[in-house]
Undergrad: 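My questions all concern the structure below.
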Amino acid sequence: MEMKWFVITTSLFALVMFSMLPAGHAAPVGDGRLPGVTDAMLKADFWASKLPTARQLILDPAGIAAFNRAIFAAMPQTVVDLDVFPDTVGRASLRQWLAVDRLPRGQERYSAGKLLGSGFYDRLEQNLNLQSIRETNSVLWGFAVRRSDLRTFPTDEAASEDDESDDFDLFQETAVNIAEPLAVLHHSADGKWLYVQLVNYRGWLKAEDVALAPSRQEWQLRRARNFVVITGSKVAPRDAVMGKPVADWRAGMGAKLPFVGMEKDGYQVEVPRRSDNGAVVWQKAWIHGKADVSVGYLPYTRANILRQAFKMLGENYGWGGLDEGRDCSSFIMDIYNVFGILAPRNADQQEAVPGRRIQLRGIADVATRYALLDRADPGATLHMRNHVMMYLGAHGGKHYAIHSLGSYGDASRPRADGSLPRIGVMQIVVGDLDLPLRSGRRFIDVLTSVNVWQPQ
């Protein structure tokens, strides 16, 4: 993730402090509850019931298509329309994207507790295969064949600032869903990795996790078919109608699978598999009829936004999608993807989505901040440096959000300088915006903007 170089130290400190917390200061486990949150507030319908227009359509499919075009136009380096992506890439662009200058030489980084030395970086730079880049480089087209990790560099080795944990791996960019379309731009020297362009990210995928279409036309035709979108947190298609789940086929919220039709109380879909020569082969699979999926995108309503968010309540925080968790921005991205909105991957990028934005920078008065927040709709994103949350609304004189949170400050043990010890959370939780940070300030104090994801 592009913001990770700024937040990793803070995140690691949060994890260490969590492991050192004394009894009585442990974070909530499992149910996503922070202080002051009642049982009723852990349900999406509680928040939707406060909004008379909760079930009103925000945008129809044509409106969402227009909104996506606005995102493409406003963020051309962040969200890419793969349908118009070029068939070739020049040398200068490709070398810049491969980011050899971002190799953290001279910095203290660990993998599985072992310090990464200069020899490791020499081998990694060689594996970037820069010498094979031509003046003009052909693009290939394919699909991810399983959920996979997108990496900054072509290696499985972690790059952590913590010599005891790889939970915050700086080489981890994001998780890629099964059947996600991609453009292949380059390959590693050892042939084990491919450098790919997704709709909202670039990075390295294992070659074994990518299957290539015979042509761009065939790739586009497959993407144009009817589809099932995964609306549950995770769904595993089966190898037969009543068969066993196949781990490689596991799909996360927002994943799209070609839809063949209903069969024996289930959805018949197709999943991409990789043949021995690397070509894509589409294999039939089945999803139980009661599974949390939708034929086509979900209707874009406030009620549906909230329901999607609460399906992930209590799940573990996962840096860059590690261990099938979600960090703050992938939590937001997965929600909006089920409506067909092409969300950027990172928190700062999501703040720049061309929606109806309410600026909070430069406003010190808390009452004014809350008054401006009251203009936002539930489902809007709340932004601060290095973090994004989803706004739920007001209740009992407080304003609440749901988000994937690493930690917050322990106001019961203030230090002399006003800072607070950390309480580790590492979950998707509901909490109010008066919750303190380690600095002693509150979430409401440091919000930079609110973004309502619809045209202005």
Undergrad: Side chains of R345 and S329 only: does a donor on one sit below 3.5 Å from an acceptor on the other?
TA: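 Distance-only check passes for R345 and S329.
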Undergrad: Is the number of heavy atoms from other residues, nucleotides or ligands under 6.0 Å of K234 NZ greater than 12?
TA: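 Check passes, neighbour count above 12.
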Undergrad: Restricting to pairs with a member in residues 331-342, which pass salt bridge (charged side-chain N to carboxylate O under 4.0 Å, His left out), not counting sequence neighbours?
TA: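 For residues 331-342, and leaving out neighbouring residues, the salt bridge (charged side-chain N to carboxylate O under 4.0 Å, His left out) pairs sorted by first residue read R326-D334.
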Undergrad: So does R274 pair up with D209, basic N to acidic O under 4.0 Å?
TA: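 Here R274 does not pair with D209 in a salt bridge, since their nearest N and O are not under 4.0 Å apart.
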Undergrad: What pairs with R151 under salt bridge (charged side-chain N to carboxylate O under 4.0 Å, His left out), at least two apart in sequence or on another chain?
TA: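 Salt bridge (charged side-chain N to carboxylate O under 4.0 Å, His left out) check on R151 returns D169.
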Undergrad: Quick one: salt bridge (charged side-chain N to carboxylate O under 4.0 Å, His left out) pairs with a partner in residues 51-61, sequence neighbours left out?
TA: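 Sorted result for residues 51-61: empty, none.
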Undergrad: Taking the side chain as C-beta and beyond, is there a heavy-atom pair between F67 and V353 under 4.5 Å?
TA: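 They are in side-chain contact.
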Undergrad: CZ of R95: more than 12 outside heavy atoms within 6.0 angstrom?
TA: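 Counting neighbours around CZ of R95, 12 or fewer heavy atoms of other residues, nucleotides or ligands fall under 6.0 Å, so no.
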Undergrad: Is there side-chain contact between V429 and V37, with heavy atoms separated by less than 4.5 Å?
TA: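 SC-SC contact between V429 and V37 ruled out.
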Undergrad: Which residues satisfy the salt bridge (charged side-chain N to carboxylate O under 4.0 Å, His left out) test with K398, sequence neighbours excluded?
TA: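 Checked K398 against salt bridge (charged side-chain N to carboxylate O under 4.0 Å, His left out); matches are D434.
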Undergrad: Check whether the ring centres of W97 and Y195 lie less than 6.0 Å apart, and answer yes or no.
TA: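 Between W97 and Y195, the centre distance exceeds or equals 6.0 Å.
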Undergrad: Would you say the side chain of L373 lies within less than 4.5 Å of the side chain of I358, judging by non-hydrogen atoms?
TA: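 Side-chain contact under 4.5 Å: no.
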Undergrad: Treating T381 as the side-chain partner and N451 as the backbone partner, does any N or O pair qualify as donor plus acceptor under 3.5 Å?
TA: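 Indeed, once roles are kept as given, a pair shorter than 3.5 Å links the two residues.
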Undergrad: Side chains of T231 and D292: do they bring a donor and an acceptor to under 3.5 Å?
TA: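 Note: T231 and D292 side chains meet the donor-acceptor criterion.
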Undergrad: Determine, stepwise, if the pair E161 / R109 fulfils side-chain contact (heavy atoms from CB on, under 4.5 Å).
TA: CA-CA 5 Å; E161 291 185 337; R109 297 287 185 267; 3.3 Å; yes
Undergrad: Taking the six-membered ring of W219 as reference, does the NZ or CZ atom of R223 fall below 6.0 Å from its centre and within a 45° cone about the axis?
TA: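 Yes.
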Undergrad: Tell me if the NZ atom of K284 is crowded by more than 12 foreign heavy atoms within 6.0 Å.
TA: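 No.
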Undergrad: Using the side-chain contact (heavy atoms from CB on, under 4.5 Å) rule, take I58 and R302 through it: C-alpha gap first, then chi angles, then the decisive distance, then the call.
TA: CA-CA 8 Å; I58 302 168; R302 298 287 164 206; 3.5 Å; yes
Undergrad: Can you classify the ring geometry of H403 versus F443 as parallel (below 30°), tilted (30 to 60°) or perpendicular (above 60°)?
TA: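 Rings of H403 and F443: perpendicular, over 60°.
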Undergrad: Would you mind reporting whether W453 and Y300 have side-chain heavy atoms less than 4.5 Å apart?
TA: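 Yes, close enough: below the 4.5 Å cut-off.
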Undergrad: For the residue pair S449 and Q359, confirm or rule out a side-chain donor-acceptor distance under 3.5 Å.
TA: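 No, because no side-chain N or O of S449 sits under 3.5 Å from a partner of the opposite role on Q359.
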Undergrad: Assess, by modelled atom type and distance only, whether the side chains of Q172 and D149 contain a donor and an acceptor separated by less than 3.5 Å.
TA: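 Side-chain D/A pair, Q172 to D149: present.
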Undergrad: Does any pair with a residue in residues 175-187 pass salt bridge (charged side-chain N to carboxylate O under 4.0 Å, His left out), and if so which ones, sequence neighbours excluded?
TA: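 The answer is none; no pair qualifies.
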Undergrad: Does anything in residues 359-376 form a salt bridge (charged side-chain N to carboxylate O under 4.0 Å, His left out)? List the pairs, not counting sequence neighbours.
TA: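 Those involving residues 359-376 are E351-R361.
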Undergrad: With a 3.5 Å distance limit and no angle check, can you tell me whether Q349 reaches the backbone of N346 through a side-chain donor-acceptor pair?
TA: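 A pair under 3.5 Å: yes.
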